[in-house]
Amino acid sequence: MRPNKSELIEMLSLQNKDEVEALYKRAYEVKRQNCGTVVYFRGIVELSNICTKNCFYCGIRKDNQSTDRYLMGKAEVLEAARWAWEQNYGSIVLQAGEREDAWYVSYVNELLQEIKTLSNSELGITLSLGEQTEEVFRTWQESGAHRYLIRIETSNPTLYKTLHPADHSFERRLDVIRTLKKLGWQTGTGVMMGLPGQTIEDLANDILFFYDEDIDMLGMGPFIPHHDTPLKHLVQGYDGDAALELALKMIAACRIALQDINIASTTALQALNPTGREMGLLAGANIIMPNITDTKYRGNYQLYDNKPCLDENASQCVHCLENRIASIGETVGYKEWGDSKHYQNSR
Ligand code: 5AD
Ligand code: SF4
Ligand code: FES
């Protein structure tokens, strides 16, 4: 059933502490019934911070000169993938800034084929590599990737325009999401919560957007201003606690409204509170993406300020996360892809 907009607005507007807690509990119960209390890991490899785009909020935007640009070599990527596979992770995510040149597209393609080979096709592969053509999506799909994450950032085209340069197109972003669905990818999108100029109604519309586009997975996080971006003036006076609460309410409302999709408890939650990712799980999220990028690159993949785990390596993060998950009475689903139940249910 299509979610009711005024109910969504009501959930997202709650302020009273007890009522907010009750919302999280309700969302947790919906998660328990639809997805159980198993958390799926996707090891995230931050393949490259080279980006051709200039989103106003993002710390690795092209015009930010104060970050050193890198692209991980093939051996490094394969080593990270092998590590994840040996740790019994069901899947990995390759994430990077956006570029569409032919050399890069075929580099990614080689990586996909070699990761599939080294893991006897056991490791699931999710891509988070920005906007690409239908042809590229087909190629990467044939080489074994089966999930794609691309956030709409906001479903309000007018707000989208205020956060991106004129040549970044909301319509193309939407088109890409629809193309992925058409090609049969498990499709993930998401928004940032607390964007400058964003209203509660915008967030309610985002949830309706997820429903209408039949989205399988969500990755959403609080907007956190970065000191080297055009939005740096928002660093001062930024209220992290309020941002965290809004983000958690959004996760909870999405779980209640959309039921059986996968929802990630994102790193940005942990940037605002050391236990932010546990809070995300308790508000209805069921996916965690442990960072498995070599620590030498992490300092240069700062999309927002205060990103955690700069110095912790993959194995430290995973043990830390295992403990965090155990602390709230949940378990990790090793060796399973943990596909979106929504995707399975809608086939
Ligand atoms: N705060 C929070 N999230 C951000 N992202 C980019 N910049 C920021 C920021 N300042 C998110 C975007 C993008 C994802 C890879 O990172 O939503 O889609
Ligand atoms: Fe590039 Fe993505 Fe950052 Fe935009 S949000 S500048 S596309 S990495
Ligand atoms: Fe990275 Fe805790 S999640 S050290």
Side-chain angles (χ1 to χ4, degrees), residues 41 43-44 46-64 67 69 93-100 127-132 148-154 160 163-165 167-169 172-173 176-177 188-196 198 206 218-232 234-235 238 240 243-244 246-247 264-278 288-293 295 298 300-325 327:
F41 275 173
I44 181 159
E46 293 161 341
L47 175 68
S48 171
N49 65 353
I50 298 168
C51 188
T52 56
K53 289 202 147 172
N54 253 323
C55 308
F56 295 149
Y57 43 80
C58 178
I60 64 169
R61 61 200 301 277
K62 182 175 80 180
D63 286 353
N64 180 10
T67 184
R69 303 291 167 168
V93 183
L94 300 182
Q95 189 179 74
E98 194 170 306
R99 56 185 280 195
E100 297 186 63
L127 298 179
S128 177
L129 303 172
E131 294 165 10
Q132 305 289 341
Y148 207 96
L149 305 172
I150 181 155
R151 293 187 182 177
I152 190 76
E153 314 295 359
T154 169
Y160 190 95
L163 299 165
H164 300 93
D167 62 347
H168 293 26
S169 158
R172 179 165 190 222
R173 185 59 64 99
V176 160
I177 293 170
T189 191
V191 296
M192 285 176 279
M193 293 77 104
L195 288 164
Q198 187 185 48
D206 291 340
L218 282 179
M220 304 178 294
F223 160 69
I224 306 175
H226 185 288
H227 62 277
D228 276 328
T229 64
L231 300 182
K232 63 175 175 233
L234 298 169
V235 171
Y238 178 74
L244 178 62
L246 181 63
S265 190
T266 55
T267 315
L269 297 168
Q270 193 177 328
L272 298 180
N273 185 304
T275 63
R277 279 203 268 197
E278 295 89 300
I288 286 209
M289 294 155 63
N291 195 335
I292 61 170
T293 313
T295 45
R298 292 200 191 186
N300 285 317
Y301 204 87
Q302 298 279 342
L303 307 179
Y304 43 81
D305 283 351
N306 297 320
K307 192 163 169 237
C309 312
L310 277 192
D311 302 318
E312 284 79 8
N313 64 30
S315 128
Q316 287 168 315
C317 273
V318 79
H319 289 123
C320 170
L321 288 168
E322 271 175 343
N323 290 335
R324 289 166 185 272
I325 290 162
S327 79

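Order of appearance sets the numbers: ligands from 1, and atoms from 1 within every ligand. Keep in mind that this is a model prediction, so the values were computed, not measured.
- Those atoms of ligand 3 with a heavy atom of Arg277 less than 4.0 angstrom away are 3 (S).
- Every atom of ligand 3 with a heavy atom of Cys320 under 4.0 Å away is listed here by number and element: 2 (Fe), 3 (S), 4 (S).
- The protein non-hydrogen atom at the shortest distance from atom 4 (S) of ligand 3 is Glu312 CG, 3.4 Å.
- Between Glu100 and Arg172, at least one side-chain N (NZ, or NE/NH1/NH2) sits under 4.0 Å from a carboxylate O, which counts as a salt bridge.
- Shortest contact from atom 3 (S) of ligand 3 to any protein heavy atom: Cys309 SG, 3.4 Å.
- Leu234 is listed as a side-chain neighbour of Phe223, based on a closest heavy-atom distance under 4.5 Å.
- Closer than 4.0 angstrom to ligand 2 lie heavy atoms from Cys51, Lys53, Cys55, Tyr57, Cys58, Ile60, Arg61, Gly97.
- The closest side-chain heavy-atom distance from Phe56 to Pro165 is below 4.5 Å.
- Contacts between Leu321 and ligand 3, counted as non-hydrogen atom pairs separated by less than 4.0 Å, involve the side chain only.
- A 4.5 Å side-chain heavy-atom check between Phe41 and Ile325 finds at least one atom pair inside the cut-off.
- Of the charged side-chain nitrogens involved, none lies within less than 4.0 Å of a carboxylate oxygen, so that Arg298 and Glu46 do not count as a salt-bridged pair.
- Residues lining ligand 1 at a heavy-atom distance below 4.0 Å are given as Tyr57, Cys58, Arg151, Glu153, Met192, Pro222, Phe223, Ile224, Leu303, Tyr304, ordered by chain and residue number.
- Between His168 and His164, the two ring planes are tilted [angle within 30° to 60°].
- Side chains of Asp311 and Thr295: no donor on one and acceptor on the other come within 3.5 Å.
- Residue Asn54 is tested with Thr229, Asn64, Asp63 for a side chain to side chain donor-acceptor pair (under 3.5 Å); the sole match is Asp63.
- Within the 4.5 Å cutoff, no side-chain heavy atoms of Cys51 are placed close to those of Lys62.
- You'll find the side chain of Ile152 reaches within 4.5 Å of the side chain of Ile177, heavy atoms only.
- Leu163 has its side chain out of reach of Glu153: every pair of non-hydrogen atoms, C-beta onward, lies at least 4.5 Å apart.
- You'll find the side chain of Met289 stays beyond 4.5 Å of the side chain of Thr267, heavy atoms only.
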